[in-house]
Protein chains: 2
Amino acid sequence: MYVIIVYDVGVERVNKIKKFLRVWLNWVQNSVFEGELTESEYIKVEQGINNIIDKKLDSVIIFKLKDRKFIDRNIIGIDKNIQSDIL
Amino acid sequence: MYVIIVYDVGVERVNKIKKFLRVWLNWVQNSVFEGELTESEYIKVEQGINNIIDKKLDSVIIFKLKDRKFIDRNIIGIDKNIQSDIL
């Protein structure tokens, strides 16, 4: 499956969730990750997010697609994903 | 078509892009909008974003799907979209 994860979390948890998601997915923009996951990987990512965030304050949305082919991606401005590979 | 727009723009342009996108789509989280657009609406949104952002500094990603049915949405923590309707 293909996932896009967007998150809006307390500043004290931003680094932790970013570090965790970097293990599984590609950072594409501030608070946005995307990539391929198997079902079992998805469960691990979901559990990891649950363990990191404060569910009364933070918000994480996981968009799930059966296949990458169902989505087109149009970038306006700079592609921060490429920039982050260079830095 | 169904779109998810995520943006990472200079602080001086955040309100402008948010105000613009609110006309066409649903705010779901900081820097994240989603919703249905026709082809002609999509073109207007794309042009509007082009007019607002600084293409050398800002980054906007538009994820396009032919149909909403191709995507599942899982929220962990709070649903800021509901909260924003109450405020």
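Here is the naming used below: chain letters follow the sequence lines, and residue numbers restart at 1 for every chain.
Contact annotation for residues 69-76 of chain B against chain A (heavy-atom separation below 4.5 Å, listed by residue number): B:F70, B:I71, B:D72, B:R73, B:N74, B:I75, B:I76. Scanning residues 57-66 of chain B against chain A with a 4.5 Å heavy-atom cutoff picks out B:L57, B:D58, B:S59, B:V60, B:I61, B:I62, B:F63, B:K64, B:L65, B:K66, ordered by number.
Interface remark: of the candidates A:V32, A:V3, A:I4, A:I49, A:I4 forms the most heavy-atom pairs closer than 4.5 Å to chain B.
When hydrophobic clusters are built by joining Ile, Leu, Val, Met, Phe, Trp and Tyr residues whose side-chain heavy atoms come closer than 4.5 Å, directly or via intermediates, B:V23 is grouped together with B:V9. B:L25 and B:Y2 are assigned to two separate hydrophobic clusters, defined by single-linkage of ILVMFWY side chains at heavy-atom distances under 4.5 Å. Linking ILVMFWY side-chain heavy atoms closer than 4.5 Å, directly or via other members, places B:V6 and B:I53 in two distinct hydrophobic clusters. The hydrophobic cluster containing A:I78 does not contain A:V28, counting ILVMFWY residues as joined when their side-chain heavy atoms lie under 4.5 angstrom apart, directly or transitively.
A:E34 touches chain B through its side chain: at least one heavy atom from C-beta onward sits under 4.5 Å away, while N, CA, C and O do not.
At least one side-chain heavy atom of A:K80 sits less than 4.5 Å from a side-chain heavy atom of B:D8.
Counting heavy atoms of neighbouring residues, nucleotides and ligands inside a 6.0 Å radius, atom NZ of B:K16 does not exceed 12 of them.
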